[in-house]
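Here's the structure we're looking at; comments come further down.
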Protein chains: 2
Amino acid sequence: METGSTKQRILEEALGLFSLKGFDAVSVEQIAAAVGIKAPSLYKHYKSKQAIFDAIFVQMQHRYDAQAAAMELHLSNAGCDGEQFAGIAAADLTRRVQALVRFSLHDEFVSRFRRLMTLEQFRTPELAALYTQRYVTRILSYHEELFRGLIARGELRGADPRAMAWQYVSPVLVLLSICDRQPEWEDAAMKELEAHVRQFQAVYEGGK
Amino acid sequence: METGSTKQRILEEALGLFSLKGFDAVSVEQIAAAVGIKAPSLYKHYKSKQAIFDAIFVQMQHRYDAQAAAMELHLSNAGCDGEQFAGIAAADLTRRVQALVRFSLHDEFVSRFRRLMTLEQFRTPELAALYTQRYVTRILSYHEELFRGLIARGELRGADPRAMAWQYVSPVLVLLSICDRQPEWEDAAMKELEAHVRQFQAVYEGGK
DNA sequence: GTCTATATCCAGATAGAC
DNA sequence: GTCTATCTGGATATAGAC
């Protein structure tokens, strides 16, 4: 019942509503009702509806940074020297991508924030760039460097590592977007994902 | 200046605004201003803001059907007997996908409608299903059957045609979505697309 | 911190003159 | 078909009691 709890619940309920209907379609009164208070009380915690939206982004950035540190340790410097790929066999790719997808789908904050970004991506060039960077470019670049390293070490058949990254990553992104709008697809999506990874490995595994 | 012209201009201006900001964020007055009339005059052409939205969908369905008849002649019955693939060499795939992407990006009605769908996809299960069906499933199924036929005819290396379709189609969809939010990416996207098709052909071309 | 009451604004939509 | 004037409802946000 303390301040922090209500303040946090406002963020969570607002994100839940924003991610379904978009910022404009959600009223402050709806957010307040979801929290269990009246709309005017909400203004004791945030000075405006926009401030709630902004706070969601700040919190998401913190979570993203923490997650990046934990799961994607080498995301930004994957291509420095190749040393960080020691011990990463091609067979590990399956586990890695499955873990990433499951987390992206099941973490409420992450999946809701992604849907919110999907709904607001055309608002400003900054949001558009953030979307592409976070949900495409970084993942793509990471895999490109990963494949480049695996090819160099002879664990994958030689080929254009960037094109390989597109082939590998894109189906995952598309399946994620399908599950975002149709959660009932999840089981089917995981099967498609499995077949996709199997096919990818069959094509590229066993270099030299 | 006749009725039909104004009525059509309302649809086009409304679609342009909806596709940028979403249905809720656009006011009837904004639409009217874009057309060059006052808001009340607009109600002589459509009985409500929602009616404009619905009319956009009806018109898009007509365009989609016409386009499907012209460009994707065999989309819905591609797998019937394999006969319709006569004369389709693997090399034709590049031209086909490039034509599809260019059309999807440059046709104002098609690209704006796709952005509108992106913004409204979470509204109802029907819109979600329509989005997946139109922008993923149909394209995917078409290519799956196409590859199945090409493999049977020995023009592509034998493999899982569905997984091949995911690998082939997904990068195209992701690049499209990037260009939708960041049009300045188009040149880069076409280059990525070219490399993607080249890589796909290098991997799968030459069956038997 | 929460409430009721209210101020202010703006949106969708209608009435009726021209 | 277009306009001005207006109705009505709902939204953000504030004031002030408890």
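Lettering of chains follows the sequences in order, A, B, ..., and the numbering in each one begins at 1. Note that the structure is a prediction, hence the values are computed from the model and not measured. Excluded from the calculations below are hydrogen atoms, water molecules and symmetry mates; all remaining heavy atoms, backbone and side chain alike, are included.
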Are [X] and [Y] side-chain neighbours, meaning at least one heavy-atom pair lies under 4.5 Å?
X        : Y        : result
A:Phe113 : A:Arg63  : no
B:Phe18  : B:Arg115 : no
A:Glu120 : A:Tyr131 : no
B:Arg114 : B:Leu105 : yes
A:Val172 : B:Trp166 : no

What integer distance in Å separates [X]:[atom1] from [N]:[atom2]?
X       : N      : atom1 : atom2 : result
A:Gln30 : D:dT12 : CD    : C1'   : 13 Å
A:Phe23 : D:dT12 : CZ    : C1'   : 10 Å
A:Glu29 : C:dT6  : CD    : C1'   : 14 Å
A:Tyr43 : D:dT12 : OH    : P     : 6 Å
A:Lys21 : D:dG10 : NZ    : P     : 14 Å
B:Leu42 : D:dT2  : CG    : P     : 9 Å
A:His45 : D:dT14 : NE2   : C1'   : 16 Å

Query raised in the report: Does anything in residues 31-39 of chain A reach DNA chain C, meaning a heavy atom under 4.0 Å, and if so which residues?
Result: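 Here the set is A:Ile37, A:Lys38.
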**Report entry** Salt bridge flag under 4.0 Å for residues B:Lys191 and B:Glu194
**Finding:**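 Salt bridge between B:Lys191 and B:Glu194, a charged N being under 4.0 Å from a carboxylate O: no.
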Query raised in the report: Is a side-chain N or O of B:Arg9 found less than 3.5 angstrom from the main chain of B:Val35, in a donor-acceptor match?
Result: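 Checking the backbone N and O of B:Val35 against the side chain of B:Arg9, a donor-acceptor pair under 3.5 Å is found.
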Query raised in the report: Judged by atom type as modelled, is there a donor-acceptor pair below 3.5 Å linking the side chain of A:Ser141 to the main-chain atoms of A:Arg138?
Result: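 No; zero donor-acceptor contacts below 3.5 Å.
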Query raised in the report: Is the NZ or CZ atom of A:Lys21 both under 6.0 Å from the centre of the six-membered ring of B:Phe122 and within 45° of that ring's axis?
Result: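 No; the conditions do not both hold, so A:Lys21 does not lie above the ring face of B:Phe122.
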Query raised in the report: Rounded to the nearest 0.5 Å, what separation is found between the CG atom of B:Leu140 and the OG atom of B:Ser170?
Result: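 The CG atom of B:Leu140 sits 7.0 Å away from the OG atom of B:Ser170.
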Shorter than 3.5 Å, N or O on both sides, protein versus nucleotides 15-18 of chain D: list them out with atom names.
none

Query raised in the report: What is the nucleic acid contact for A:Ser27, judged by heavy atoms within less than 4.0 Å: base, sugar-phosphate only, or nothing?
Result: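 The residue A:Ser27 makes sugar-phosphate contact but no base contact.
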Query raised in the report: At their closest point, which heavy atom of A:Gly16 faces which heavy atom of A:Ser19, and how far apart are they?
Result: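 Shortest heavy-atom contact: O-OG, 2.9 Å.
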Query - Phosphate-side-chain proximity, A:Thr6 and C:dT2, N/O vs OP1/OP2 below 4.0 Å - result: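 It does, given that an N or O in the side chain of A:Thr6 lies less than 4.0 Å from OP1 or OP2 of C:dT2.
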**Report entry** Interface with DNA chain D, restricted to residues 47-54 of chain A and to heavy atoms under 4.0 Å
**Finding:**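 When residues 47-54 of chain A is checked for heavy atoms under 4.0 Å from DNA chain D, the hits, listed by number, are A:Ser48, A:Lys49.
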